[in-house]
Every structure is written in C-alpha cells, then in structure tokens.
Amino acid sequence: NAGVTQTPKFQVLKTGQSMTLQCAQDMNHNSMYWYRQDPGMGLRLIYYSASEGTTDKGEVPNGYNVSRLNKREFSLRLESAAPSQTSVYFCASRNRDYVHEQYFGPGTRLTVT
Amino acid sequence: AQSVTQLGSHVSVSEGALVLLRCNYSSSVPPYLFWYVQYPNQGLQLLLKYTTGATLVKGINGFEAEFKKSETSFHLTKPSAHMSDAAEYFCAVSGGGYQKVTFGTGTKLQVIP
C-alpha cells in the first residue's frame, strides 16, 4: 500500500515551458486535491476533485489545469510556466466526506527560471 | 466561509518543556478540525482530529488538542518536548459538506537542547 505517490520529485522549467505533475493514490479515495506550499503562506488549494469525473477550482487556479483521469489518478498541468509558479506542490486524497483526514504525497519541488 | 489563524509562525521551546501551539478557527457550521505535522522535505501527516464527541483529542507522539467552541480554538499541546518534535505544524478546518479544507499558515517548532 503506497498511499499517495507523486512524480516527479524535483523539476526545473524555463519560463513558458509546460509540464504535468502526476499523482496517484491506492486507497480507493473519492476526493483528490492539489495544493501549493509557499513560505509563510501555508497550503493553498489549486484544484480539487470531489469524485471521479468532477473537478473544481480552489483558491489559486490561474495558470493551472487538472485532469481526473480515473479514480486513482489526478494530474496537474502547467501550460506556460511562470516564475510565480515556483513552489512545492502537494497532492492529497481523502475518503468520501469532510470528517476524514487527507493523506498527502511527498511533494514535487518545482523551480521556474 | 471558514478560516484558520495560527498564532506565531515560529515557536521555540526547551527540550522537556511544554509545547503549546495556538489555533483559532472560524466556521459558519460545526467544524471538523485537524492538526498535521510536516517534517523537512516531506508531506503532511495527521497528528489528530476532532469531529464530534469528546472535546479533548489525543493524537500520535503524545500530542493532544482541546476543542473549545466558546473560544473558537483548537490549541495543540504536548507536556514534554522532544528533539524529534521539531517540525512545522498546520491546523486545518473542514465542514458543512465542503470538500475543501482550509489550512493555517503553519507554526515552525524549534526544540532547544
């Protein structure tokens, strides 16, 4: 049982390049989330998916797109990377409803130059 | 709407001293409250959670928190700090059928030998 896995662990992009961050969970959770973590700002929600086939914007969605490929996988795409997107990105999953805790992946450290 | 305020971005305690990390929340519905811990270069992991019932909640590694509705607080405590407790701690709130979880900005705990 691997929990939540993320790839890659590290990535350096040039401004304007695109990339996709991958996330998968093996806990049969319905909900999945993408956060970014910046110093002094805690975790900010980018997008979430309450169930397979649905996605919704979070607090900071601009510049990102997501795909809930199936129940296990939730990817985050940066179409044209900007230096402001330099951050640590975390994927999380949670069972059906709001009383349950989230399980986090190990993170992807992204630098945009 | 819901929000979380963590008082003190950095807290230092001596090894063996009491740990007190403060969290105040606002929520328009009965809240579900969580404390997560993040060790360097890792994802977040759950310390403890309050959903309903007993207001004093015990978690892993000797931590506990008390839900005080009248004070809208959910402070985290540990009677005796250990060097291994040095980490960043996040308070979070969820509720009302939302899929979203709102995180505080985090408190970095330093333990001085």
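Naming convention: chains lettered A, B, ... in sequence-line order (proteins, then strands); numbering from 1 in each chain. Only a predicted model underlies this, so the values are computations on that prediction, with no experimental measurement involved.
Note on Leu56(B) and Leu18(B): separate hydrophobic clusters, where clusters join Ile, Leu, Val, Met, Phe, Trp and Tyr whose side-chain heavy atoms are under 4.5 Å apart, directly or indirectly. Put simply, Phe34(B) and Phe104(A) are part of the same group of oily side chains (I, L, V, M, F, W, Y) that touch within less than 4.5 Å, one to the next. Connection of Leu47(B) to Val57(B) is established within a shared hydrophobic cluster, with ILVMFWY side chains joined at heavy-atom distances below 4.5 Å, either directly or through further cluster members. Under a hydrophobic-cluster definition in which Ile, Leu, Val, Met, Phe, Trp and Tyr are linked whenever side-chain heavy atoms come within less than 4.5 Å, directly or via other members, Val13(B) and Phe63(B) are assigned to the same cluster. In the hydrophobic cluster analysis, where Ile, Leu, Val, Met, Phe, Trp and Tyr join through side-chain heavy atoms closer than 4.5 angstrom, Val11(B) is grouped together with Val37(B).
Neither the backbone nor the side chain of Gln45(B) comes within less than 4.5 Å of any heavy atom in chain A. Contact annotation for Gln6(A): neither backbone nor side-chain heavy atoms come within less than 4.5 Å of a heavy atom of chain B. Residue Leu43(A) touches chain B through both its backbone and its side chain, counting heavy-atom pairs closer than 4.5 Å. Only the side chain of Leu46(B) has a heavy atom closer than 4.5 Å to any heavy atom of chain A. Neither the backbone nor the side chain of Gln6(B) comes within less than 4.5 Å of any heavy atom of chain A. For Tyr50(B), no part lies under 4.5 angstrom from a heavy atom of chain A.
Counting heavy atoms from C-beta outward, Ser94(B) and Arg94(A) have side chains that approach closer than 4.5 Å. Between Tyr35(A) and Val101(B) there is a side-chain heavy-atom pair separated by less than 4.5 Å. Taking 4.5 Å as the limit, some side-chain heavy atom of Phe90(A) sits within range of a side-chain heavy atom of Gln38(B).
Other residues, nucleotides and ligands place no more than 12 heavy atoms under 6.0 Å from the CZ atom of Arg109(A). Within a 6.0 Å sphere centred on NZ of Lys71(A), heavy atoms belonging to other residues, nucleotides or ligands number more than 12. Within 6.0 Å of the CZ atom in Arg22(B), the count of heavy atoms belonging to other residues, nucleotides or ligands does not exceed 12.
Of the inter-residue distances, the one linking Gln102(A) atom CD with Tyr36(B) atom OH reads 4.5 Å to the nearest 0.5 angstrom. Annotation: the span from Gln37(A) atom CD to Thr105(B) atom OG1 amounts to 11.0 Å, rounded to 0.5 Å.
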